[in-house]
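Structure first, then comments.
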Amino acid sequence: MADFNQILDAGDVDGGIINVVVEIPAGSNHKIEWDRKLGAMKLDRVEPIIFAKPTNYGFIPQTLDEDGDELDTLIVTDQPLSTGIFLEARIIGVMKFVDDGEVDDKVVVVPADDRNNGNAIKTLADLPTQLIKQIEFHFNHYKDLKKAGTTQVTHWGDIEEAKKVIRESQQRWQQYLAKLSVPLL
């Protein structure tokens with residue numbers, strides 16, 4: 001498997017089309033995560049089946065969220081996507097999220113070229129209200145059996161807010177790279 005942070009960048013953030021790598025297919029209860037140090041996908045844990053992901057889940061290459069991991073994405077498609085593929089995705093919004101006191105935002109995207117629905121989804125308002133409710137419920141409760149009350153969706157943001165979150169994560173990535181290249185004394 002390729003090291004996605006080496007071969008891809010975040011994409012055209014200003015234009016609203018970004019690169020996204022799939023970690024977890026929609027409907028899976030396997031918590032698969034990108035291991036940056038190994039450059040590989042890793043099964044971190046198996047969640048209770050009642051907390052299977054309501055959408056595909058992934059990350060944006062060459063970004064770091066405030067929690068120290070690559071910036072997460074929720075990838076809305078009609079069918080589950082396979083772990084380890086990447087796609088060009090259209091930014092439609094952001095789910096502002098706190099996990100155990102740390103900011104862990106999720107940029108919401110759809111495939112940039114979705115001929116099945118005629119590229120009809122342009123913003124969060126184009127998603128079914130029930131899907132938004134399911135996503136919010138999932139993220140507010142998926143850790144309840146282990147550590148109740150530690151996750152919270154704080155609000156949903158529009159495309160411009162999502163772009164701001166991505167740009168800030170790109171800056172943190174650049175700071176991370178700069179620290180790696182600092183010579184030791």
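In summary, D113 and R115 engage in a salt bridge, as defined by a charged side-chain N under 4.0 Å from a carboxylate O. Salt-bridge formation is not detected for the pair D100/K143: no Lys NZ or Arg NE/NH1/NH2 atom is positioned less than 4.0 Å from an Asp or Glu carboxylate oxygen. Salt bridge status for E136 with K133: absent, with no side-chain N to carboxylate O gap under 4.0 Å. With respect to the salt-bridge test (charged N to carboxylate O, under 4.0 angstrom), the residues D72 and K106 qualify.
Hydrophobic clustering (ILVMFWY, side-chain heavy atoms < 4.5 Å, transitive): V109 and I85 are in one cluster. A single hydrophobic cluster is seen to contain both I24 and F97, as judged by linkage of ILVMFWY side chains at heavy-atom distances under 4.5 Å, directly or through other members.
Listed for the D65 side chain is no donor-acceptor partner under 3.5 Å among the backbone atoms of D67. In this structure, R90 contributes its side chain and V110 its backbone to no donor-acceptor pair below 3.5 Å. Of the possible polar contacts, one joining the N140 side chain to the V153 backbone as a donor-acceptor pair under 3.5 Å is found. Formation of a donor-acceptor pair under 3.5 Å by the T73 side chain with backbone atoms of V20 is not found in this model.
Between L87 and L81, some side-chain heavy-atom pair lies under the 4.5 Å cut-off.
A cation-pi arrangement is present between R36 and Y176, with the terminal nitrogen or guanidinium carbon under 6.0 Å from the aromatic centre and inside a 45° cone about the axis. Annotation: cation-pi geometry satisfied between K53 and Y142 (NZ/CZ under 6.0 angstrom from ring centroid, within 45° of ring axis).
Atom CZ of F86 is surrounded by 12 or fewer heavy atoms from other residues, nucleotides or ligands within 6.0 Å. When the shell of 6.0 Å around NZ of K164 is examined, it contains 12 or fewer heavy atoms from other residues, nucleotides or ligands. More than 12 heavy atoms of other residues, nucleotides or ligands shown are found within 6.0 angstrom of CD on Q134.
In this pair, F139 and Y57 present their aromatic rings parallel. The plane angle is below 30°, not in the 30 to 60° band.
For D99 and Q152, the side-chain atoms include no donor-acceptor pair closer than 3.5 Å. There is no side-chain donor-acceptor pair under 3.5 Å between E161 and W156.
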